[in-house]
Asker: 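Dropping a structure here in structure tokens format, bear with me for questions.
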There are 2 protein chains.
Amino acid sequence: MAQVTSAAPKVARRRPDSTSPAAAEEMSLSGDIAKRLEEEILRGRVRPGHRLDERELSERYGVSRTPVREALQRLSASGLAVARGRQGLQVAQLSVADLIDALSVVAQLEALAASQAARRILPEQRSLLREAHEACELALEKGDADAFYDANLAFHDVVVAASHNRVLQDEIRRLSLKTAPYRRAITFQPGRMTGSVPEHAEILQAILDNDGKRASELMSRHITLLTEGIADFLQFVRASGDRVLFAETA
Amino acid sequence: MAQVTSAAPKVARRRPDSTSPAAAEEMSLSGDIAKRLEEEILRGRVRPGHRLDERELSERYGVSRTPVREALQRLSASGLAVARGRQGLQVAQLSVADLIDALSVVAQLEALAASQAARRILPEQRSLLREAHEACELALEKGDADAFYDANLAFHDVVVAASHNRVLQDEIRRLSLKTAPYRRAITFQPGRMTGSVPEHAEILQAILDNDGKRASELMSRHITLLTEGIADFLQFVRASGDRVLFAETA
DNA sequence: CAAGCCCGTCTTGCATGCAAGCTTGCAACT
DNA sequence: AGTTGCAAGCTTGCATGCAAGACGGGCTTG
């Protein structure tokens with residue numbers, strides 16, 4: 001009889017905890033949570049195969065299960081999480097074949113981005129691109145793999161932004177999230193950082209020269225080399241599990 | 001006071017209506033509804049700008065608002081629908097610039113699909129591809145634009161399927177849904193059907209010959225021509241609204 | 001007569017309750 | 001001892017209730 005008369009909906013509206021830095025710009029809890037989950041995946045805090053528990057997340061973020069469920073639906077629609085029958089969702093786990101396929105798609109899309117960026121880049125973005133490249137160089141000199149990972153992301157982000165193609169931007173973002181955990185592992189491979197910087201330099205030059213065709217080819221090759229790096233990377237993980245990478249739960 | 005004692009959850013679980021042909025394979029209502037909505041968008045039954053009302057949909061499908069909401073979240077995550085502040089969602093409306101951008105992405109992705117299909121196609125898919133092409137020819141002869149639209153979709157679907165690249169398949173599906181309403185309009189333009197068939201024939205041949213590079217170039221050009229068709233199409237809609245196509249609600 | 005304000009209504013967003021299904025651990029049986 | 005049945009719990013999936021914005025209409029006022 002309780003909820004009919006009073007229903008006592010807890011309290012006005014308790015913000016999750018407001019101590020977190022990323023808050024204060026979202027208006028819907030579900031969107032907020034979706035963003036946070038994406039961020040955690042991108043940053044490698046949750047790994048592929050990780051089980052996403054509704055109640056745990058709702059408690060962690062201090063909201064009810066409904067917005068959490070809606071956020072999970074969004075991740076699922078983006079392909080970032082996969083439903084496992086009636087038994088909840090888990091962060092998408094790519095097989096080796098899927099990963100290679102995904103990277104071929106990323107290569108193709110980033111090639112288009114580079115091509116369009118070469119034609120559409122704005123003056124201020126030229127500066128940003130140079131700066132991002134220099135940050136990569138700096139991280140390489142220092143041998144700081146974490147910094148390089150971030151600087152590398154920034155470089156690619158600027159290229160994509162300079163394409164001024166929102167649709168392309170969305171697609172690349174989605175795929176980048178899916179492949180981020182694996183790309184991260186590859187970035188940390190010995191030779192990759194050293195190899196990337198001169199490739200970036202060429203791409204940078206081609207874009208600054210407004211040479212779309214060349215930028216496209218270089219970028220495609222750049223990502224393809226990344227793919228080849230996987231072959232090397234696989235030598236490491238071959239021991240553990242054959243079909244699936246990062247099988248932490250299984 | 002009623003729901004405390006009985007709570008009367010309607011009935012056991014009433015399937016939406018079970019008369020529909022596509023039912024009987026989904027296990028979650030939200031996923032089911034998401035598929036139906038996608039289908040309606042693809043088929044052109046709901047047009048860009050259409051307001052998606054939770055209650056209306058829940059009544060139409062005979063379920064509560066929760067699964068409907070979850071389905072809408074998925075569409076929103078896919079970019080098929082956009083949230084309009086606190087005022088619900090509407091089917092994504094592409095500006096002219098966005099549409100052109102989206103088609104350039106589709107072109108790039110379908111080119112990759114054609115390339116990989118040329119290398120990976122299976123024997124039975126060769127037959128399917130031929131059949132799909134013949135269906136296009138038949139529809140052209142009959143001058144049946146609706147049939148051609150479907151046959152054309154089928155042809156491209158087979159190419160994508162033959163790429164055996166699930167990631168690519170997902171991405172193309174998503175983008176195809178977004179651009180479907182506009183592609184549909186273009187397909188119905190006078191010359192497009194006639195022009196498409198010989199292009200398909202060349203693509204078909206290149207794939208059957210396992211010539212990935214040529215298939216890729218042909219497919220890219222094929223879609224690009226579609227894009228150019230937009231310029232013509234725009235002559236028609238220029239009168240109504242400038243930035244947005246199909247602005248039915250505004 | 002026009003413009004602005006206020007209030008009613010409608011719709012979304014979130015919380016919570018309830019039912020069904022998967023999982024798991026125990027126990028009984030072969 | 002191994003296997004199979006079963007039951008309890010835990011988790012998801014859906015329904016519903018309630019509160020907070022957003023829109024619209026009508027009224028008032030300059």
Side-chain angles (χ1 to χ4, degrees), chain A residues 1-17 23 26-36 50-77 81-91 249-250, chain B residues 1-17 23 26-36 50-77 81-91 249-250:
Chain A
M1 65 318 196
Q3 78 271 34
V4 172
T5 57
S6 70
K10 270 288 146 30
V11 148
R13 165 123 344 175
R14 64 171 192 247
R15 293 242 112 227
D17 60 353
E26 268 295 334
M27 37 188 290
S28 89
L29 292 181
S30 59
D32 192 8
I33 291 171
K35 276 191 179 175
R36 290 202 194 194
H50 186 94
R51 167 86 174 272
L52 296 167
D53 185 276
E54 291 182 4
R55 200 151 56 86
E56 180 202 322
L57 292 172
S58 69
E59 283 171 7
R60 174 132 59 103
Y61 294 124
V63 298
S64 96
R65 283 174 42 221
T66 305
V68 170
R69 281 182 60 76
E70 293 182 356
L72 292 180
Q73 294 284 343
R74 291 172 77 143
L75 294 193
S76 169
V82 292
R84 224 180 29 165
R86 192 83 164 194
Q87 197 51 22
L89 280 71
Q90 58 183 36
V91 178
T249 56
Chain B
M1 63 323 195
Q3 79 274 31
V4 172
T5 57
S6 70
K10 271 293 157 0
V11 150
R13 166 118 348 166
R14 68 172 189 244
R15 297 239 111 226
D17 61 353
E26 270 293 336
M27 39 186 291
S28 88
L29 292 182
S30 60
D32 193 7
I33 291 171
K35 277 192 177 174
R36 291 202 191 195
H50 187 94
R51 167 87 172 271
L52 295 167
D53 185 276
E54 290 182 5
R55 201 154 56 86
E56 180 202 322
L57 292 172
S58 68
E59 284 171 6
R60 174 132 60 101
Y61 293 126
V63 299
S64 97
R65 282 174 43 223
T66 305
V68 171
R69 281 182 61 75
E70 293 182 356
L72 292 179
Q73 296 284 344
R74 291 173 76 141
L75 294 193
S76 167
V82 293
R84 224 178 30 163
R86 192 82 164 194
Q87 197 50 23
L89 279 71
Q90 57 183 35
V91 178
T249 56

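Not measured: the values here are computed from a predicted model. Each chain gets a letter, A, B and so on, in the order the sequences are listed, and its residues count up from 1.
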Asker: Taking OP1 and OP2 of dC14(D), is either one under 4.0 Å from a side-chain nitrogen or oxygen of T66(B)?
Answerer: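 No, outside the criterion.
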Asker: Only counting residues at least two apart or in another chain, list the ones meeting side-chain contact (heavy atoms from CB on, under 4.5 Å) with E59(A).
Answerer: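 side-chain contact (heavy atoms from CB on, under 4.5 Å) list for E59(A), sorted by chain: R55(A).
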Asker: Considering residues at least two apart in sequence or located in another chain, which fulfil the salt bridge (charged side-chain N to carboxylate O under 4.0 Å, His left out) criterion with R69(B)?
Answerer: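 Testing R69(B) for salt bridge (charged side-chain N to carboxylate O under 4.0 Å, His left out), a comparison that skips the adjacent residues, returns E70(A), E54(B).
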Asker: Expressed as a whole number of angstroms, how long is the span from L72(A):CG to dC14(D):P?
Answerer: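 For the pair L72(A) CG and dC14(D) P, the rounded distance is 14 Å.
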Asker: Say you draw a straight line from CD of Q90(A) to CG of L72(A); how long is it, rounded to the nearest 0.5 Å?
Answerer: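 So the gap between those two atoms works out to 12.5 Å.
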Asker: Starting at atom CD of E59(A), determine the distance to atom P of dC10(D), rounded to an integer number of angstrom.
Answerer: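 Distance, rounded to whole Å: 13 Å.
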Asker: Give me, pair by pair, the N or O atoms of the protein and of nucleotides 8-12 of chain C that are less than 3.5 Å apart, along with how far apart they are.
Answerer:
from: dT11(C); atom 1: OP2; to: R55(B); atom 2: NH2; distance (Å): 2.8
from: dT12(C); atom 1: OP1; to: E54(B); atom 2: N; distance (Å): 3.3

Asker: To the nearest Å, how far apart are E70(A) CD and dT12(D) P?
Answerer: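 Spelled out: CD on E70(A) to P on dT12(D) is 15 Å.
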Asker: To the nearest angstrom, how far is D32(A) atom CG from dC14(C) atom C1'?
Answerer: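 Computing the D32(A):CG to dC14(C):C1' distance gives 14 Å.
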Asker: Of all heavy-atom pairs between V68(A) and S64(A), which one has the smallest distance, and what is that distance?
Answerer: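 Nearest pair, atom of V68(A) first, then S64(A): CG2-O, 3.7 Å.
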Asker: Roughly how far, to the nearest 0.5 Å, is CG of L75(B) from CG of L89(B)?
Answerer: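 The CG atom of L89(B) sits 8.0 Å away from the CG atom of L75(B).
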Asker: When the distance from CZ of R74(A) to P of dG13(C) is rounded to whole Å, what number comes out?
Answerer: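 Computing the R74(A):CZ to dG13(C):P distance gives 10 Å.
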Asker: CZ of R74(A) to OG of S30(A): how many Å apart, nearest 0.5 Å?
Answerer: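 It comes to 6.0 Å.
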Asker: Write down the distance between CG (L57(A)) and P (dC10(D)), rounded to a whole number of angstrom.
Answerer: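 Interatomic distance, CG of L57(A) to P of dC10(D): 19 Å.
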Asker: Would one find a side-chain N or O of S30(B) under 4.0 angstrom from OP1 or OP2 of dC14(D)?
Answerer: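 S30(B) to dC14(D) OP1/OP2: side-chain N or O found under 4.0 Å.
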